[in-house]
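Everything quoted here is computed from the prediction, not taken from an experiment. Quick note: residue numbers are just sequence positions, from 1.
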Amino acid sequence: MDSSTSAEAGPPLEPRDVVLDTVAAQVAAIDELVDLARHRLQIFDVDLSQGGWQSAARAEKLAAFLRRSARPRIELIVHDTRWLETACPRVLALQRLHAEAVTVYRTGPEARSAMDPLLIADGRHFLHRFHIDHPRAAFAVEQPQLARSLVTRFEQIWATGEPGLSATVLGL
């Protein structure tokens, strides 16, 4: 029996769609989304400096996600990789360990004006911060119809991307 099937078994999720007003609530929502993800995480942010990405607990949640399915994907795109390079060694270690599953891009010039971080799990669940300068965000679970436009937005940002951080020291 396929192990990804058993990971997805369980009671159906109750659809939710709420507005979060604090960064702390967003940190908790990110953790919940990583826990819910089974196949794909799409992450866009200015630099990942907000949201708890540097924590050991977040790295463990990401590692658990990468172990859950036979072919997981983390697609991460940021405007600036410096904070990721200096403050997120655990995320970078995961990228090295799971190079086939974790891609880190830097936005191209066409997307540098985007200032609304988002995280999408499996095209069904998401967190969308309306603007990096304000703490309000939309959080939804089991809302694929609402996630559709954000998936399209992410794909547009991703299409501008250029290699951000390589999984190898030489960048090969």
### Task
Answer yes or no: is there an ion pair linking R136 with D21, defined by an N-O contact shorter than 4.0 Å?
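Yes, this pair counts.
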
Backbone of [Y] reached by a side-chain donor or acceptor of [X] within 3.5 Å:
X    : Y    : result
Q42  : V151 : no
T160 : Q156 : no
D122 : H39  : yes

Distance-only criterion, 3.5 Å: show the donor-acceptor pairs between side-chain atoms of residues 137-146 and protein atoms not counting sequence neighbours.
residue : atom : partner : partner atom : Å
E142    : OE2  : R124    : NE           : 2.8
E142    : OE2  : R124    : NH2          : 2.0
Q143    : OE1  : Q145    : NE2          : 2.7

How long is the span from the [atom1] atom in [X] to the [atom2] atom in [Y], to the nearest 0.5 Å?
X    : Y    : atom1 : atom2 : answer
S49  : I132 : OG    : CD1   : 6.5 Å
R106 : D47  : CZ    : CG    : 13.0 Å
Q26  : L33  : CD    : CG    : 11.0 Å

Over all atoms of both residues, closest heavy-atom pair of [X] and [Y]:
X    : Y    : value
A101 : L66  : CB-CD2, 3.9 Å
A114 : R153 : CB-NH2, 3.4 Å
A147 : G123 : CB-O, 3.5 Å
R90  : Q54  : NH1-O, 3.1 Å

### Message
One pair to check against side-chain contact (heavy atoms from CB on, under 4.5 Å): D133 and M115. What are the steps and the verdict?
### Response
CA-CA 8 Å; D133 292 337; M115 292 292 163; over 6 Å; no

### Message
Apply side-chain contact (heavy atoms from CB on, under 4.5 Å) to residues R129 and D116 and explain how you reach the verdict.
### Response
CA-CA 5 Å; R129 188 165 176 174; D116 58 326; 5.9 Å; no

Among the clusters formed by ILVMFWY side chains lying less than 4.5 Å apart, do [X] and [Y] turn up in the same one?
X    : Y    : answer
I30  : L118 : no
L41  : F126 : no
L92  : L62  : yes
L119 : L13  : yes
L127 : V34  : yes

### Query
Can T107 and R112 be counted as having a side-chain donor-acceptor contact under 3.5 angstrom?
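A donor-acceptor contact under 3.5 Å links the two side chains.
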
### Query
Does any donor atom in the side chain of R73 or T103 lie under 3.5 Å from an acceptor atom in the other side chain?
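Judged by distance alone, the side chains do pair up.
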
Test item: [X] and [Y] side chains (from C-beta on) under 4.5 Å apart, heavy atoms:
X   : Y   : value
R58 : D31 : yes
W53 : L84 : no
I74 : F65 : yes

### Query
What is the ring orientation for F130 with H128, classed by angle as parallel under 30°, tilted 30 to 60°, or perpendicular over 60°?
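F130 and H128: perpendicular rings.
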
### Query
Once the angle between the rings of Y105 and W158 is folded into 0 to 90°, is it parallel (under 30°), tilted (30 to 60°) or perpendicular (over 60°)?
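Answer is parallel, since the angle falls under 30°.
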
### Task
Output, in order, the C-alpha distance, side-chain angles, deciding distance and verdict of side-chain contact (heavy atoms from CB on, under 4.5 Å) for Q95 and V91.
CA-CA 6 Å; Q95 182 194 22; V91 173; 5.9 Å; no

#### Entry: Stepwise side-chain contact (heavy atoms from CB on, under 4.5 Å) check, V102 with L76
CA-CA 8 Å; V102 181; L76 171 61; 5.9 Å; no

### Task
Please write out which residues are connected to V27 in a hydrophobic cluster, directly or through intermediates, given that two of Ile, Leu, Val, Met, Phe, Trp, Tyr count as joined at side-chain heavy-atom separations below 4.5 angstrom.
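Grouped by the 4.5 Å side-chain rule, V23 form the rest of the cluster around V27.
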
### Identified side-chain hydrogen bond (donor to acceptor under 3.5 Å, both in side chains) counterpart of D35 within the set K61, H125, R68
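Filter result, single survivor: K61.
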
